[in-house]
Each structure stands twice: as C-alpha cells, then as structure tokens.
Amino acid sequence: HLIRTAWEVQVEAGFPPELAYFDCLHEVKLLSDLIHERGIAGAHLAISNTAEWGEYVTGPRIIDAHVKDAMRAVMADVRSGKFARDWMAGHRAGAPNLARMREAAAQHPIEAAGETVRRLVRGR
C-alpha cells in the first residue's frame with residue numbers, strides 16, 4: 001500500500017507514471033537486496049548520501065507513532081485470533097472480499113506503468 005500511495009503522490013505531482021513506478025516500486029528489489037546482504041546500516045553505505053539523508057529526515061514523518069499504533073492494533077488482531085477468524089470466514093464464503101481486493105489491486109494504474117517499465121527493461 002505504501003508503494004502504491006507513493007506512486008500516486010508522485011503522479012499527482014506531475015511525474016510521468018513510468019518514472020514514478022521506477023522510483024517507487026522498481027527500486028524496491030535493489031534496496032531490499034542491499035538490506036538483506038548488508039543490513040540497514042550497511043545499505044546506507046551503498047546508497048547516495050542524499051537518499052540516506054532522505055531516509056533519516058523523511059522516514060519518521062511518514063512512519064510515525066500513528067503507524068506504530070496501527071501496527072500494534074494489527075498485531076492484537078493476529079494474537080487474539082481475529083485475523084484468522086476473519087480469513088477463515090471469508091474463505092468459507094468463497095473469498096469474495098479477497099477477489100474484490102485482488103481485482104482492485106490489478107486495476108490500479110501503477111500496473112499499467114509497471115507493464116511499460118518491465119517491457120522497456122526487458123528490451124521488448
């Protein structure tokens with residue numbers, strides 16, 4: 001959801017959808033591979049100073065106490081079994097909510113931008 005929202009904000013600001021895709025989604029693999037291989041502090045040494053500075057000053061503005069509280073609420077749902085009960089009830093009903101959410105995600109405009117970027121990256 002964070003990736004889609006970041007993409008939407010960039011497109012609303014006038015970035016071409018494909019450039020926003022590259023910035024918000026395509027680079028996620030590069031960053032996650034760096035973090036996996038080197039840890040977060042080690043990844044900082046591999047990215048630009050500008051990107052590192054941006055993480056320090058921008059990250060806490062987005063991932064703030066409100067987000068942490070929301071994560072705690074989700075954890076409470078998992079621990080109480082509510083998440084599992086909701087999932088199982090939906091599954092027994094044929095998963096209509098999952099199908100609806102899956103379709104909405106597939107129809108998000110980021111997917112069209114992504115198809116273009118992936119085609120260009122593959123050289124086709």
Requested in this report: I would like to know whether I3 and I110 meet side chain to side chain contact (heavy atoms under 4.5 Å, CB included); could you show each step before the answer?
Outcome: CA-CA 9 Å; I3 291 168; I110 196 173; 4.2 Å; yes
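- Applying the side-chain contact (heavy atoms from CB on, under 4.5 Å) rule to S48 yields the partners T50, A51; only residues at least two apart in sequence or on another chain are considered.
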Less than 3.5 Å apart, which donor and acceptor atoms pair up between the side chains of residues 71-82 and the rest of the protein, not counting sequence neighbours?
residue: R72; atom: NH1; partner: D69; partner atom: OD1; Å: 3.1
residue: S80; atom: OG; partner: A76; partner atom: O; Å: 3.1
residue: S80; atom: OG; partner: D77; partner atom: O; Å: 3.2
residue: S80; atom: OG; partner: K82; partner atom: N; Å: 3.2
residue: K82; atom: NZ; partner: D86; partner atom: OD2; Å: 2.6

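- The structure places CD of E18 at 8.0 Å from CG of L120, a figure rounded to the nearest 0.5 Å.
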Donor-acceptor contacts, no H, no angles, side chain residues 89-106, under 3.5 Å, sequence neighbours left out:
residue: E103; atom: OE2; partner: Q107; partner atom: NE2; Å: 2.9

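- Among pairs with a residue in residues 39-61, none fulfils salt bridge (Lys or Arg N to Asp or Glu O under 4.0 Å), at least two apart in sequence or across chains.
- V11 meets the side-chain contact (heavy atoms from CB on, under 4.5 Å) test with W7, P17, A20; sequence neighbours excluded.
- Residues I35 make up the rest of the hydrophobic cluster containing I40, defined by ILVMFWY side-chain heavy atoms closer than 4.5 Å, directly or through other members.
- Tracing side-chain contacts under 4.5 Å through hydrophobic residues (I, L, V, M, F, W, Y), one never reaches V57 starting from I63; they form parts of separate clusters.
- Legend: residues meeting side-chain contact (heavy atoms from CB on, under 4.5 Å) with R122, ordered by chain and number and at least two apart, are E115, R118, R119, R124.
- Residue pairs meeting the salt bridge (Lys or Arg N to Asp or Glu O under 4.0 Å) criterion with at least one partner in residues 19-32, sequence neighbours excluded, are K29-D33.
- Between I62 and L2 there is a side-chain heavy-atom pair separated by less than 4.5 Å.
- Within the structure, the ring pair (Phe, Tyr, Trp, His ring centres under 6.0 Å) test picks out the following pairs touching residues 45-80 (sequence neighbours left out): H44-Y56.
- Qualifying side-chain contact (heavy atoms from CB on, under 4.5 Å) partners for P60, counting only residues two or more places apart in sequence or in other chains: none.
- For N49, the CG atom sits in a loose shell: 12 or fewer heavy atoms of surrounding residues, nucleotides or ligands are nearer than 6.0 Å.
- Cluster partners of L31, by chain and number: L34, I47. The rule joins Ile, Leu, Val, Met, Phe, Trp and Tyr whenever side-chain heavy atoms lie under 4.5 Å apart.
- The ring pair (Phe, Tyr, Trp, His ring centres under 6.0 Å) contacts involving residues 8-38 comprise F22-H26, where partners must be two or more places apart or lie in separate chains.
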